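Each ligand, and each atom within it, is numbered from 1 in the order the structure gives. Keep in mind the model is a prediction, meaning the values are calculated, not measured.
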Amino acid sequence: MRIVVLVSGTGSNLQAVIDAVSSGTLDVDIAAVGADRPGTYGVQRASEAGVGTFVVDFKAYPDRSEWNAALTAAVSAYRPDYVVSSGFMRIVGQSFLDAFPNRYLNTHPALLPSFPGAHGVRDALAYGVKITGCTVMIADAGVDTGPILAQAAVPVLPEDTEEALHERIKIEERRLLIETLRQLADGDA
Ligand code: GAR
């Protein structure tokens with residue numbers, strides 16, 4: 001199973017996938033890692049692991065639809081079975097979704113449908129929930145909508161900060177992402 005992973009930031013979940021592949025616990029081919037801006041640590045992590053990288057810089061295009069077309073072309077060139085949004089903080093357009101129908105996975109640091117969007121951890125903390133978690137899903141045209149494939153719960157502790165809670169969520173998120181990829185690769189999802 002070939003995957004392309006899209007990142008916008010530090011790529012710690014990407015690193016977990018890279019490590020699982022190199023240790024032989026996950027049998028997928030990371031065809032490439034792409035980013036929506038230059039200079040991400042996620043792309044650096046991929047380069048250091050010998051994985052091909054590309055950047056389709058959102059700011060280099062006159063509008064969202066031209067950026068979306070360029071992203072679709074760049075990802076399609078690797079002929080992935082699945083595309084994984086792993087901290088990729090851009091909404092893709094319909095032509096991208098049409099190019100990878102039911103093949104665009106997303107991870108989110110909250111128990112969807114609660115707390116979608118760019119600040120899932122902050123919003124859960126602010127609301128005062130006692131349990132939050134993470135979700136792996138098939139992305140659709142909405143913001144963190146789409147069919148849910150897997151979820152894991154994480155308790156919120158009284159002294160939690162956004163950073164501390166996010167780090168504990170990411171531990172579960174990595175496990176869930178790798179397990180979901182394994183199931184997809186095995187045809188068990
Ligand atoms: C992850 O927790 C991911 O769920 C979140 O960004 C983080 C990326 O961490 N994505 C979203 O909030 C999307 N709505 P990483 O760059 O260290 O892997």
Side-chain angles (χ1 to χ4, degrees), residues 3-22 26 28 30 32-49 51 53-58 64 68 71 82-93 96-97 100 104-127 129 131-157 160-181:
I3 62 171
V4 167
V5 183
L6 300 178
V7 297
S8 294
T10 58
S12 64
N13 290 351
L14 162 69
Q15 186 68 56
V17 174
I18 290 172
D19 292 346
V21 170
S22 61
L26 176 64
V28 307
I30 307 173
V33 170
D36 60 334
R37 59 191 179 88
T40 60
Y41 189 35
V43 160
Q44 187 183 324
R45 288 179 193 269
S47 301
E48 286 167 5
V51 174
T53 66
F54 62 91
V55 174
V56 184
D57 186 357
F58 186 80
R64 179 173 284 276
N68 188 72
L71 180 73
Y82 286 91
V83 185
V84 181
S85 161
S86 186
F88 190 59
M89 304 305 269
R90 301 265 179 209
I91 303 297
V92 298
F96 183 96
L97 296 168
F100 309 104
Y104 184 40
L105 307 180
N106 184 28
T107 71
H108 183 72
L111 290 175
L112 293 170
S114 294
F115 311 117
H119 304 292
V121 180
R122 187 185 308 170
D123 294 345
L125 207 50
Y127 194 93
V129 294
I131 294 176
T132 183
C134 52
T135 303
V136 177
M137 56 196 286
I138 297 172
D140 66 10
V143 176
D144 294 321
T145 52
I148 291 171
L149 293 176
Q151 289 185 307
V154 175
V156 180
L157 305 180
D160 258 337
T161 60
E162 181 180 353
E163 292 70 27
L165 178 57
H166 201 168
E167 280 312 310
R168 289 205 318 287
I169 289 172
K170 279 187 180 183
I171 293 168
E172 289 301 311
E173 201 175 356
R174 290 170 194 136
R175 183 184 62 72
L176 213 59
L177 175 59
I178 290 166
E179 185 54 32
T180 303
L181 288 172

Students should be able to answer this: which protein heavy-atom is nearest to [atom], and at what distance?
{"atom": "atom 17 (O) of ligand 1", "value": "S12 OG, 2.6 Å"}
{"atom": "atom 16 (O) of ligand 1", "value": "G11 N, 2.8 Å"}
{"atom": "atom 18 (O) of ligand 1", "value": "N13 N, 2.9 Å"}
{"atom": "atom 14 (N) of ligand 1", "value": "H108 ND1, 3.1 Å"}
{"atom": "atom 12 (O) of ligand 1", "value": "P109 CD, 3.3 Å"}

Would [X] count as a contact residue for ligand 1, given that I'm defining contact as a non-hydrogen atom of the residue lying under 4.0 Å from a ligand atom?
{"X": "G117", "result": "yes"}
{"X": "Q15", "result": "no"}
{"X": "G42", "result": "no"}
{"X": "V7", "result": "no"}

Atom indices of ligand 1 within 4.0 angstrom of G87 heavy atoms, with elements: 6 (O), 8 (C), 10 (N)

Check ligand 1 against M89 and write out every atom of the ligand that is under 4.0 Å from a heavy-atom position of the residue. 10 (N), 11 (C), 12 (O), 13 (C)

If every non-hydrogen atom of S86 is compared with every non-hydrogen atom of T107, which pair is closest and at what distance?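 Shortest heavy-atom contact: CA-OG1, 4.4 Å.
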
Between T10 and Y41, which heavy-atom pair has the shortest distance, and what is it?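 Looking at all heavy atoms of both residues, the closest pair is O-CD2, 3.6 Å.
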
Side chain or backbone of D144 under 4.0 Å from ligand 1, or both, or neither, by non-hydrogen atoms?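 Near ligand 1, D144 shows its side chain, while the N, CA, C and O stay back.
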
Reference residue I169; test side chain to side chain contact (heavy atoms under 4.5 Å, CB included); the match among L111, V154, V156: V154

Side chain to side chain contact (heavy atoms under 4.5 Å, CB included) between Y82 and V28, intermediate numbers included: CA-CA 10 Å; Y82 286 91; V28 307; over 6 Å; no

Decide yes or no on side chain to side chain contact (heavy atoms under 4.5 Å, CB included) for I138 and L105, but give the supporting numbers first. CA-CA 5 Å; I138 297 172; L105 307 180; 4.1 Å; yes

Qualifying residue for side-chain hydrogen bond (donor to acceptor under 3.5 Å, both in side chains) with N106, from T145, D140, T135, D144: D144

Take V136 and E179 through the side chain to side chain contact (heavy atoms under 4.5 Å, CB included) test and state the conclusion after the steps. CA-CA 10 Å; V136 177; E179 185 54 32; over 6 Å; no

Judged on heavy-atom distance to atom 3 (C) of ligand 1, which of E172, H166, E173 sits nearest?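 That would be E173.
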
What's the spacing between T40 OG1 and F88 CZ if we round to 0.5 Å? 10.0 Å

Check: N106 N/O within less than 3.5 Å of ligand 1 N/O: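 No, no N or O pair falls under 3.5 Å.
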
Are R45 and E48 close enough for a salt bridge, meaning some N to O gap below 4.0 Å?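 No, R45 and E48 are not salt-bridged.
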
